[in-house]
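Here's the structure, in structure tokens; my notes come after.
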Amino acid sequence: MPSKAGLVVYKGRPAKVENVMSVTEVIQGGCRFCGVKLRHTFVDLGMSPLAESWLKLSQLKQMERFYPLHVYVCEHCFLVQLEEFESPENIFSDYAYFSSYSETWLQHAKAYVEMAIERFGLNGGSQVVEIASNDGYLLRNFVGKRIKVLGVEPAANVAKVAVERGIPTLAKFFGEKTARELVSEGTQANLIIGNNVLAHVPELNDFVKGLKILLKPVGTITMEFPHLMQLIANNEFDTIYHEHFSYLSFTTVENVFAAHGLALYDVEELPTHGGSLRIYARHNEDASKAISQHGKELKAREEAAGFTRLETYLSFSERAKETKRKLLDFLIRAKRERKSIAAYGAAAKGVTLLNYCGIRTDFIDYAVDLSPHKQGYFMPGVHIPIFHPGKIKETKPDYILILPWNLKDEIIRQMACIGDWGGKFVVPIPEVTVYPDISARRGRGRGDESS
Ligand SMILES: [Zn+2]
């Protein structure tokens with residue numbers, strides 16, 4: 001059951017964070033993988049609302065729930081993790097995020113499917129299951145090739161859209177229970193896909209156990225998740241939010257899968273979400289796939305970078321604080337010069353960043369987002385209104401703060417028109433950077449992804 005400990009009613013300041021911290025040792029539970037008591041802080045971003053809880057105008061004068069965004073590292077298995085304060089049902093059951101709205105992410109999905117069909121030899125007799133399949137944006141690429149698909153998507157509103165688009169989708173959470181139900185109904189998978197779901201699972205052991213059950217004897221599991229090594233290297237503390245329970249290194253994921261009889265036989269490093277891993281897993285007993293060198297090399301790099309030593313994790317906190325000071329410094333100077341500032345992309349990482357830094361409409365006039373599911377709403381906690389990107393042309397702001405920095409090249413290309421009135425882009429992570437020379441940035445673009 002979700003703990004309600006630490007629930008604080010928002011009164012305009014991050015109330016009593018010091019007091020909350022002083023009792024955390026008492027209220028802390030165990031590591032979500034190995035159960036060892038959590039005692040060490042990775043980073044403490046104070047109190048924050050759920051990142052996807054967009055507010056309607058009528059909700060702005062109501063109480064809002066804030067939860068601790070306090071990340072711990074397990075001294076035993078080095079799993080970096082948040083406590084569970086809100087049930088997954090409350091977080092994900094009516095999720096506003098639809099993957100289909102990012103063009104680079106759709107291309108990423110299509111390229112993945114082409115690779116998978118060839119590499120795993122999938123055909124009309126194969127069964128593909130995607131967990132957290134969203135609106136079916138990825139699976140539809142298999143349907144076009146006449147391969148059987150099934151989506152498992154806990155957000156009922158999103159699953160409904162997928163079904164309407166002809167993608168068979170089960171509106172359920174995935175774990176041992178769902179896997180057993182599927183197997184008893186005769187469904188087992190040649191390929192199980194999970195993109196950006198492993199980190200979102202509160203019951204990590206139950207989830208991986210379910211993978212083991214659902215996978216055919218010579219099947220493959222691929223999972224993509226943000227790589228903790230990149231989070232640390234690039235100071236991506238704003239990718240921490242309540243929906244995102246675990247922050248994963250290759251070494252730790254290998255241990256988690258091994259505990260459930262699954263071996264990682266390959267891994268790729270991807271540029272998505274600020275640096276992700278795509279792991280390839282199989283049953284321990286499946287001798288048809290040799291273990292590649294990539295995993296061994298990556299593990300050696302993680303070890304060399306200190307990922308098996310506690311001190312490495314304990315030094316991260318100070319970098320988040322320094323970024324907050326630098327961003328506020330920039331915004332205060334800009335406002336003193338009477339500049340106007342808008343934000344682009346009401347992404348979850350923006351909610352973390354703005355709440356941590358205490359940036360509201362005193363600095364940012366409004367945010368824009370391409371998703372019609374966010375337009376007309378307000379960002380949680382900071383109450384910044386969200387409009388269609390067309391608002392930028394109307395108001396001609398001096399600065400656009402790009403919140404989903406992973407999409408910065410795409411956004412800078414799309415919004416190059418701000419150069420017409422001398423507007424500039426500001427990217428907060430890894431360092432506060434202003435992009436005045438728009439023309440030089442045109443057409444560059446890295447193969448990035450969704451927000
Ligand atoms: Zn642990």
Side-chain angles (χ1 to χ4, degrees), residues 9-15 45-67 69 95-97 101 237-243 323-324 326-336 338-408 411 414-415 418 423-429 432 434 451:
V9 176
Y10 180 60
K11 289 177 181 168
R13 64 198 163 92
L45 301 174
M47 302 296 287
S48 206
L50 295 182
E52 301 279 349
S53 53
W54 315 105
L55 302 172
K56 294 176 195 152
L57 181 64
S58 61
Q59 292 173 298
L60 294 186
K61 291 182 179 173
Q62 294 171 4
M63 286 197 297
E64 213 176 333
R65 285 182 175 186
F66 276 57
Y67 302 91
L69 208 45
Y95 209 45
Y97 178 59
Y101 292 105
F237 66 85
D238 60 340
T239 60
I240 293 165
Y241 40 88
H242 295 107
E243 291 87 336
T323 302
K324 173 176 179 169
K326 282 183 180 163
L327 180 58
L328 285 171
D329 200 40
F330 170 82
L331 293 172
I332 289 166
R333 274 189 290 119
K335 292 313 284 183
R336 288 215 165 113
R338 301 188 174 280
K339 304 288 191 196
S340 56
I341 308 164
Y344 193 103
K349 48 175 77 70
V351 175
T352 291
L353 182 77
L354 299 180
N355 276 283
Y356 172 57
C357 296
I359 296 166
R360 302 183 179 81
T361 50
D362 41 5
F363 288 110
I364 309 277
D365 297 331
Y366 60 87
V368 297
D369 199 288
L370 272 175
S371 169
H373 299 278
K374 294 177 186 173
Q375 293 162 12
Y377 285 75
F378 292 78
M379 293 181 77
V382 293
H383 295 190
I384 293 172
I386 306 165
F387 295 96
H388 182 275
K391 180 89 174 169
I392 285 179
K393 276 189 185 168
E394 279 171 41
T395 67
K396 300 183 171 54
D398 297 303
Y399 290 109
I400 294 181
L401 178 66
I402 296 179
L403 296 174
W405 41 257
N406 52 320
L407 298 174
K408 77 172 158 49
I411 292 166
Q414 276 171 7
M415 300 303 301
I418 73 164
K424 294 178 173 127
F425 295 100
V426 184
V427 178
I429 304 286
V432 178
V434 180
S451 57

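Numbers here are sequence positions counted from 1. Every heavy atom of this structure was used, including side-chain atoms; hydrogens, water molecules and symmetry mates were not.
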Requested in this report: Find the distance between CZ (Phe378) and CG (Leu57) and round it off to the nearest 0.5 Å.
Outcome: 5.0 Å
Report task. For Pro380, check side-chain contact (heavy atoms from CB on, under 4.5 Å) against everything at least two apart and list the hits. Result -> Pro49, Ser53, Trp54, Glu64, Val351
Query raised in the report: If you round to the nearest 0.5 Å, how far is CG of Leu370 from CD of Gln375?
Result: 7.5 Å
Report summary line: Taken to the nearest 0.5 Å, the spacing of Ile384 CD1 from Asp365 CG works out to 9.0 Å
Query raised in the report: Where is the tightest heavy-atom contact between Gly381 and Phe66, given as atom of each residue plus distance?
Result: CA-CZ, 3.7 Å
Report summary line: Exactly one of Val368, Val427, Ile418 clears side-chain contact (heavy atoms from CB on, under 4.5 Å) with Ile400, and that residue is Ile418
Report task. Decide if atom NZ of Lys335 counts as having more than 12 heavy atoms of other residues, nucleotides or ligands within a radius under 6.0 Å. Result -> yes
Query raised in the report: Can the positive tip of Lys408 be found less than 6.0 Å from the middle of the six-membered ring of Phe425, inside 45° of the ring normal?
Result: no
Requested in this report: To the nearest 0.5 angstrom, please state how far the CD1 atom of Ile240 sits from the CG atom of Leu353.
Outcome: 11.5 Å
Query raised in the report: Is the closest side-chain heavy-atom distance between Tyr356 and Leu69 below 4.5 Å?
Result: no
Report task. Compare all side-chain heavy atoms of Thr361 with those of Pro385 and state whether any distance is below 4.5 angstrom. Result -> yes
**Report entry** CG-OG1 distance between Asp329 and Thr323, expressed to the nearest 0.5 angstrom
**Finding:** 12.5 Å
**Report entry** Beyond-backbone contact of Met415 with Ile402, side-chain heavy atoms, under 4.5 angstrom
**Finding:** no
Query raised in the report: Just wondering, more than 12 heavy atoms not from Phe363 lying within 6.0 Å of its CZ?
Result: yes
Report summary line: Exactly one of Val432, Val426, Ile359 clears side-chain contact (heavy atoms from CB on, under 4.5 Å) with Leu401, and that residue is Val426
Query - Full working for side chain to side chain contact (heavy atoms under 4.5 Å, CB included) between Leu403 and Met379 - result: CA-CA 12 Å; Leu403 296 174; Met379 293 181 77; 4.1 Å; yes
**Report entry** Spacing of Ile392 atom CD1 and Phe387 atom CZ [to the nearest 0.5 Å]
**Finding:** 11.5 Å
